[in-house]
Structures are given as C-alpha cells and as structure tokens.
Amino acid sequence: MSGVNFNEYANYPNYDTCYDFSALVGGTANPSSNLLSDYASIKNGSYGKLLKAYYAKQDAENASMSGDSRQKLALMRSSADSLKKSADALNDASLWEKKKIKKKDEETGEETETEDYDWDSIAKAVKSFVEDYNAVVGQAGDSDTKNVLRNAMWMTGITDSVEKLLSQVGITIGKGNKLELDEDALKEANVTTLQSLFTGTGSFADKISQKAGSLSNAAANAAARVKGTTYTSNGSYSDTLSKLFSSTLDKKVGEDKDTGSCKGSNTEDGEKAFLASL
C-alpha cells in the first residue's frame, strides 16, 4: 500500500473538512504528526479496524434511537397474524349459515327451537376482528419501519372506502382510525350487508386479511435485517413517510436529527469511501 495523505482524503466526494480525526487515532489534530506516528498502524490495517468499529458503534446508537427492535417487530407480526385470522374467521361460510337455536321463555321456562343466524357468534367474531384491527393500527402508528407504515396506510384506506357500509352494521371509524363497535346495532343489521362486507373474494374482510398478511411479512423481513442492535436503512424510519402517513395513522414516532455543520451523512460517506480504499 502506498503512503496515505489525509489532505488527499479531502478530495473524496462529500468529504466534510471540519471533521477531526484526532478523536479516532488519538493525539493532536496535526495531520503531519499523526500521519508519521500512525503510518504503521494504517499500513497494517489496525486503523481501518478502528474506523469500522467506530461506525459499528455509531450505527448501533442510531438504531437504538430510530429503528424498531426485533421484539417490537415480532409483536407487530403477531398482531398482524391475529388480524388475518380474525378476518378469515369472518369470511368463513359456516358463520353465516342459519342454525337451529333454542330459546327459553323467561316467564314460563318453556323452550322453543327456531332457525336463525347465530348472532352471538357473529357478534363475537366481529368484536375480535375490531380489537385485532385496532391493535395493528395502534402498533403500526408507533412503528419506525417504512414498509409496516406503508401497508398500514393502505389498510386504513381500504377501511375508509367502505365507511358507509360499516356504519350500517354498527361499526364506525373513530379517533386515530380505530374502529368502534356498537354490538346492539350489529345484531339489528341487515344480514345481506354484513355478508357483503365480510364474505367472499374481494370483500372487506378478504382485503384486510391480505393486507394483514403483507404487514406480517413486512415486519418479518425488517426483523431479519436487524442484527443485534443494528438496524439497516432499508427498513428504517423515514421522515417523508411520516409526513405522508400522519393523516392516516394515529401517531408517528420520529425526532429531527442533528443537522449541525460537522454532523451529517456527508462526512460519514466520505470516511467510509476512504475505508474502502485501504
């Protein structure tokens, strides 16, 4: 390897000349003295290892502030899987078949058997769906993973498109795009409207099931990219996405990053280019 001059490093793209290397190599910030005293360590590769260790630490610290942890992503995936399961349960044809139901007269104690829909089971299934849906919306709104946010936005968009039909069966869209259920109104709803919402290919329940599956996959893929405490940029939080989703999901997490003149990606990009040349 030929001699390395730190002054030449200033020619690398995006290099920020205000960066002080002395924090990395020790000693003063005098380039000439550092170049002579540390040439041996640069030549044998120890300086490169030091820089790599430094950036590994920086990436870990950045991850702890902005990236979803594997535990958080695992919870998101579990909630999405639960939503898919409850949506599929609503799409189960057996739920919408008339059954022989025994009713007991409270005054006489006499039992009669009638054929009707099992409204208790239907109400229970819809309630589970609403609870699982709200759990996903809440967790996605607190997520820093762009693909989770994107799929959650699409999901709430699907729900918005059938808002009027949902209101006819006792389901309204409340604060933070979470669903609210009126069980009494549900049991009085038109069965045909309920079936159009919850049964068949392309129904509301079917679309939510598909989107829940996409959310689960997004969380799983993001978790696979998390190594230890490091979170990669492919799945990390985006301020642009935050602004896009802020009107759709109930909450966004993200703070403005320090954009001081000597702190930024430009300096780090230049230094990483230098590492690659060693």
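Residue numbers run from 1 in the order of the sequence given.
- In this structure, CD on Glu163 lies 10.5 Å from CG on Leu165, to the nearest 0.5 angstrom.
- At a threshold of 4.0 Å, the pair Asp116-Lys100 does not count as salt-bridged, since none of the basic side-chain nitrogens sits closer than that to a carboxylate oxygen.
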Go through Val148 and Met76 one step at a time and tell me if the side-chain contact (heavy atoms from CB on, under 4.5 Å) criterion holds.
CA-CA 9 Å; Val148 167; Met76 181 74 250; 3.8 Å; yes
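- Contact of the Ser69 side chain with the Val226 side chain is not registered, since no non-hydrogen atoms from C-beta on lie closer than 4.5 Å.
- No donor-acceptor pair closer than 3.5 Å links the side chain of Ser78 to the backbone N or O of Leu75.
- Although no hydrogens or angles enter the test, the distance criterion places a donor-acceptor pair under 3.5 Å between the side chain of Ser128 and the main chain of Lys124.
- In this structure, Glu115 CD and Glu97 CD are separated by 10.5 Å, a value rounded to the nearest 0.5 Å.
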Using side-chain contact (heavy atoms from CB on, under 4.5 Å), reason through Asn221 and Asn147 one step at a time and then give a plain yes or no.
CA-CA 9 Å; Asn221 291 336; Asn147 284 337; over 6 Å; no
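- Looking at Thr201 and Asp206, their side chains never bring a donor and an acceptor atom within 3.5 Å of each other.
- Two residues are said to be in side-chain contact when any heavy atoms from C-beta on lie closer than 4.5 Å; Leu90 and Phe204 fail this criterion.
- Distance check, rounded to the nearest 0.5 Å: CD1 of Ile122 to CD of Glu183 gives 12.5 Å.
- Residue-environment remark: CD (Glu188) stays at or below the threshold of 12 foreign heavy atoms within 6.0 Å.
- Judged by distance alone, with hydrogens and angles left aside, the side-chain atoms of Asp68 form a donor-acceptor pair with the main-chain N or O of Thr145 at under 3.5 Å.
- Shown are Lys187, Lys99, Lys127; of these, the salt bridge (Lys or Arg N to Asp or Glu O under 4.0 Å) with Asp120 is made only by Lys187.
- Not a single donor-acceptor pair under 3.5 Å links the side chain of Thr193 to the backbone N or O of Ala189.
- Considering all non-hydrogen atoms of both residues, Ser216 and Arg77 come closest at OG-CG, 3.1 Å.
- With a 4.5 Å cut-off on side-chain heavy atoms, Trp154 and Asn151 count as touching.
- When every heavy atom of Leu179 is checked against every heavy atom of Asn134, the shortest pair comes out as N-OD1, 2.6 Å.
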Yes or no on side-chain contact (heavy atoms from CB on, under 4.5 Å) for Leu197 and Ser203, after CA distance, side-chain angles and deciding distance?
CA-CA 5 Å; Leu197 278 168; Ser203 66; over 6 Å; no
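- For the residue pair Gly202 and Lys207, the shortest heavy atom distance occurs at O-CE, 3.3 Å.
- The nearest pair of heavy atoms linking Ala152 to Leu215 is N-CD2, 3.8 Å.
- The CG atom of Leu73 lies 9.0 Å from the CZ atom of Arg225; values are rounded to the nearest 0.5 Å.
- The minimum heavy-atom distance linking Val136 with Ser79 is given by the pair CG2-O, 3.5 Å.
- The side chain to side chain donor-acceptor pair (under 3.5 Å) with Ser86 is formed by just one residue from the set Asp132, Asp81, Asn91; it is Asp132.
- The structure places CG of Asp88 at 11.5 Å from CD1 of Ile208, a figure rounded to the nearest 0.5 Å.
- Pairs of residues two or more places apart, or lying in two chains, never qualify as ring-ring contact (aromatic ring centres under 6.0 Å, His included) while including a residue from residues 85-126.
- By the neighbour-count criterion of 12 heavy atoms within 6.0 Å, atom CD of Glu110 is sparsely surrounded, having that number or fewer from other residues, nucleotides or ligands.
- A 4.5 Å side-chain heavy-atom check between Leu95 and Phe198 finds every atom pair outside the cut-off.
- When all heavy atoms of Leu83 and Met155 are compared, the closest pair comes out as CD2-SD, 3.7 Å.
- Clustering ILVMFWY residues whenever any of their side-chain heavy atoms sit less than 4.5 angstrom apart, transitively, puts Ile158 in the very cluster that holds Leu194.
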Step by step, work out the side-chain contact (heavy atoms from CB on, under 4.5 Å) result for Asn190 and Gln168.
CA-CA 8 Å; Asn190 185 296; Gln168 294 177 25; over 6 Å; no
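- Taken from CZ in Phe129 to OG in Ser209, the straight-line distance is 9.5 Å, to the nearest 0.5 Å.
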